[in-house]
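These notes are about the structure you will find just below.
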Amino acid sequence: MRVVVGHLYPDYLNIYADRGNMAVLAGRAAWRGIELEIRPIGMGDPLRPGEHDLLYVGGGQDREQALVAPDLAARADALEEALAGGAAALAVCGGYQLFGRFYRDRAGVELPGAGVFDLETIAGERRMIGDVLLECELEPGARRTLAGFENHAGRTILGPDAEPLGRVVAGYGNDGASGYEGVRSGRALGTYLHGPLLPRNPWLADLLLSWAVAHATGEEPVPLEPLADELERAAHAVAAARARARGGRPA
Ligand code: GLN
């Protein structure tokens, strides 16, 4: 079984160890005998819908976002087609913002987005920094928590058709006011959570992998065999306790 991951702009959008998410996906796939191939997608590289089972993009400073935004916006149709075809996606922070319609940066410059998520982001004066804890229900009846770290000036406003990724238990989330964080659109997820996200949230790594395997096989997603995640669960517990103790508080 082989899964192909398209990693968008690994040289530009990769802060707060976001590249670590790739290592977690590769490791958790290998422990189940699944071969995971990561194909970087740089500026001007082709993105052929159907080629990738999972698309990933990390975070970045306004400067890096400005460099990649026109190239990413030009891929709107290909991304839309890939996601409509059932590919999974994870977009983190700066990448999450640019998967929306636009990101207006701190200088007031509007960076075009790919528009695959129904949302817009406008940078505010004060950065929203700290540990975050969310409550999510990505599978009916399965309430879980996500723990991570956020550092963003952007305030993200979800459109009427957009579903948040989770409810903020501790932290600022999308805008420090709505009480929600991230976005979920089918198998495509966007979030402000860095850290990187996946090492301390193995359930989300496995869910994304199960969606990618489903895309590769053309079958319905099935849960992957469980792994002994003592270390991961301990890391989650520490991050969750830190967020509860000092995460930001919505206004
Ligand atoms: N530059 C964007 C902001 O400040 C995204 C930051 C990030 O990816 N951490 O909101």
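This one's a predicted model, so the numbers in the text were calculated from it and none came from an experiment. In each ligand, atom 1 is the first atom listed, and ligand 1 is the first ligand listed.
- Evaluation of the salt bridge (charged side-chain N to carboxylate O under 4.0 Å, His left out) rule for Arg167 yields Glu135 as partners, not counting sequence neighbours.
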Please produce the table of protein N or O atoms sitting under 3.5 Å from N or O atoms belonging to ligand 1, one pair a line, distance to 0.1 Å.
{"unit_1": "ligand 1", "atom_1": "1 (N)", "unit_2": "Gly60", "atom_2": "O", "d": "3.1"}
{"unit_1": "ligand 1", "atom_1": "1 (N)", "unit_2": "Asp62", "atom_2": "N", "d": "3.4"}
{"unit_1": "ligand 1", "atom_1": "1 (N)", "unit_2": "Asp62", "atom_2": "OD1", "d": "2.6"}
{"unit_1": "ligand 1", "atom_1": "1 (N)", "unit_2": "Gln65", "atom_2": "OE1", "d": "2.7"}
{"unit_1": "ligand 1", "atom_1": "4 (O)", "unit_2": "Arg127", "atom_2": "NH1", "d": "3.4"}
{"unit_1": "ligand 1", "atom_1": "4 (O)", "unit_2": "Arg127", "atom_2": "NH2", "d": "3.1"}
{"unit_1": "ligand 1", "atom_1": "4 (O)", "unit_2": "Ala153", "atom_2": "N", "d": "3.1"}
{"unit_1": "ligand 1", "atom_1": "8 (O)", "unit_2": "Gly60", "atom_2": "N", "d": "2.9"}
{"unit_1": "ligand 1", "atom_1": "8 (O)", "unit_2": "Gly60", "atom_2": "O", "d": "3.3"}
{"unit_1": "ligand 1", "atom_1": "8 (O)", "unit_2": "Gly94", "atom_2": "N", "d": "3.0"}
{"unit_1": "ligand 1", "atom_1": "9 (N)", "unit_2": "Asn151", "atom_2": "O", "d": "3.0"}
{"unit_1": "ligand 1", "atom_1": "9 (N)", "unit_2": "His194", "atom_2": "NE2", "d": "2.9"}
{"unit_1": "ligand 1", "atom_1": "10 (O)", "unit_2": "Gln97", "atom_2": "NE2", "d": "3.0"}
{"unit_1": "ligand 1", "atom_1": "10 (O)", "unit_2": "Ala153", "atom_2": "N", "d": "3.0"}
{"unit_1": "ligand 1", "atom_1": "10 (O)", "unit_2": "Gly154", "atom_2": "N", "d": "2.9"}

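- Trp31 belongs to a hydrophobic cluster with Leu227, counting contacts under 4.5 Å between side-chain heavy atoms of Ile, Leu, Val, Met, Phe, Trp and Tyr, direct or through other members.
- Aromatic pair Tyr56/His7: ring centres closer than 6.0 Å.
- In this pair, Tyr96 and Tyr192 present their aromatic rings perpendicular. The plane angle is above 60°, beyond the 30 to 60° band.
- Applying the salt bridge (charged side-chain N to carboxylate O under 4.0 Å, His left out) criterion to Glu163, with sequence neighbours excluded, gives no partner residue.
- Side-chain contact between Leu55 and Val57 is absent, with no heavy-atom pair separated by less than 4.5 Å.
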